[in-house]
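In what follows, a single structure is set out as structure tokens and then discussed.
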Amino acid sequence: MVGASSSWSRALVQVSPYTFSAVGIAIAIGVSVLGAAWGIYITGSSLIGAAIKAPRITSKNLIRYVPSGVKDVIFCEAVAIYGVIVAIILQTKLESVPASSIYEPESLRAGYAIFASGIIVGFANLVCGLCVGIIGSSCALSDAQNSSLFVKILVIEIFGSALGLFGVIVGIIMSAQATWPARSA
């Protein structure tokens with residue numbers, strides 16, 4: 001029984017655009033936090049292991065006894081904050097639409113734009129969190145071996161954290177397409 005009623009396009013059109021919007025917002029914040037947590041886990045485990053060989057890296061004097069792994073954790077936490085910021089931006093894009101125009105093409109486009117924006121931001125931040133975590137891990141291990149490498153790897157880590165910003169920028173640009181139909185007076 002293959003027909004038009006069982007096609008994917010028909011199924012996607014019958015799902016409420018508010019559902020797509022809600023899922024996109026949830027993905028933006030949830031996957032971003034997952035990326036941050038994963039990056040912190042990777043960095044933290046290597047930092048603790050490297051501190052056994054060189055206890056000085058736990059109290060690296062960056063700005064008065066700040067642990068050298070703290071900057072990695074801050075970069076990873078920024079990834080989660082990016083997801084929260086974009087989720088708030090996407091939430092403000094939601095508007096009330098009369099039930100008669102909920103499935104109009106403009107409503108569907110708005111729901112899909114918020115959904116796509118959430119996916120882009122969430123997965124860009126997941127990859128960014130992993131990238132920062134892996135670089136932070138190598139920074140902790142290399143700093144335990146040779147303290148002169150710390151600043152060089154820190155610069156590389158800043159480049160890795162830019163991936164999350166790129167995802168946020170693309171997500172904001174995508175969310176600009178989310179315009180709901182005007183209410184009729």
Side-chain angles (χ1 to χ4, degrees), residues 11-44 62-63 66-67 69-137 139 154-185:
L12 290 177
V13 170
Q14 291 182 350
V15 175
S16 170
Y18 289 115
T19 301
F20 278 107
S21 298
V23 170
I25 292 168
I27 288 173
I29 195 167
V31 177
S32 294
V33 169
L34 177 67
W38 205 345
I40 291 170
Y41 168 73
I42 293 170
T43 298
L62 291 176
I63 308 171
V66 175
V70 166
K71 55 117 181 94
D72 303 321
V73 171
I74 290 171
F75 283 137
C76 288
E77 286 176 356
V79 170
I81 292 170
Y82 295 157
V84 171
I85 290 169
V86 170
I88 291 169
I89 291 171
L90 295 179
Q91 183 70 28
T92 62
K93 296 286 185 178
L94 293 177
E95 295 178 12
S96 179
V97 176
S100 60
S101 60
I102 192 81
Y103 292 105
E104 288 183 3
E106 194 173 6
S107 293
L108 293 172
R109 187 185 74 202
Y112 295 150
I114 293 173
F115 177 71
S117 178
I119 286 180
I120 288 169
V121 170
F123 285 102
N125 285 331
L126 174 69
V127 171
C128 178
L130 288 173
C131 178
V132 169
I134 291 168
I135 295 171
S137 170
C139 183
L154 180 64
V155 171
I156 295 171
E157 190 165 12
I158 291 170
F159 289 134
S161 69
L163 293 173
L165 281 176
F166 294 148
V168 169
I169 292 167
V170 170
I172 290 172
I173 291 170
M174 291 284 301
S175 71
Q177 300 297 318
T179 55
W180 299 87
R183 288 181 158 265
S184 46

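Ala28 and Leu90 get closest at one heavy-atom pair: CB-CD1, 4.4 Å. Nearest heavy atom pair, residue Thr179 against residue Glu106, reads O-CG, 3.3 Å. Contact record, Ala116 with Met174: CB-CE, 3.6 Å, taken as the closest heavy-atom pair. The two residues Ser32 and Gly83 make their nearest non-hydrogen contact at OG-CA, 3.4 Å. Closest approach of Cys128 and Leu163 over heavy atoms only: CB-CB, 4.1 Å. The two residues Leu130 and Ile42 have their closest heavy-atom pair at CD2-CD1, 4.0 Å.
Note on ring orientation: taking the six-membered ring where Trp is involved, the planes of Phe20 and Phe115 are perpendicular (angle over 60°, cut-offs 30° and 60°).
Residue Ile25 is tested with Leu94, Val121, Ile88, Val86 for a side chain to side chain contact (heavy atoms under 4.5 Å, CB included); the sole match is Leu94.
Thr43 OG1 to Glu157 CD: the interatomic distance, rounded to the nearest 0.5 Å, is 6.5 Å. With values rounded to the nearest 0.5 angstrom, Ile85 atom CD1 is found 10.5 Å from Ile29 atom CD1. Rounding to the nearest 0.5 Å places CD1 of Ile135 at 10.5 Å from CD1 of Ile158. We find the CH2-NZ distance between Trp180 and Lys93 to be 11.5 Å, quoted to the nearest 0.5 Å.
Applying the side-chain hydrogen bond (donor to acceptor under 3.5 Å, both in side chains) rule to pairs touching residues 158-175 yields nothing, sequence neighbours excluded.
In this structure, the side chain of Tyr18 engages the main chain of Glu95 through a donor-acceptor pair within 3.5 Å. Using a distance-only test at 3.5 Å, with no hydrogens or angles considered, no donor-acceptor pair links the side chain of Ser137 to the main chain of Gly133. No donor-acceptor pair under 3.5 Å is formed between the side chain of Ser101 and the backbone N or O of Ser107. Remark: side-chain polar atoms of Thr92 are paired, donor with acceptor, to backbone N or O of Ile89 under 3.5 angstrom.
Looking only at side-chain heavy atoms (C-beta outward), Val31 and Asn125 stay at 4.5 Å or farther from each other. Using a 4.5 Å cut-off on side-chain heavy atoms (C-beta onward), Tyr112 and Ser21 make no contact.
Scored by the side-chain contact (heavy atoms from CB on, under 4.5 Å) test, Ala36 finds Val79, Ala80 as partners (sequence neighbours excluded). Scanning for side-chain contact (heavy atoms from CB on, under 4.5 Å) contacts around Ala113 gives Gln177, Ala178, with sequence neighbours left out.
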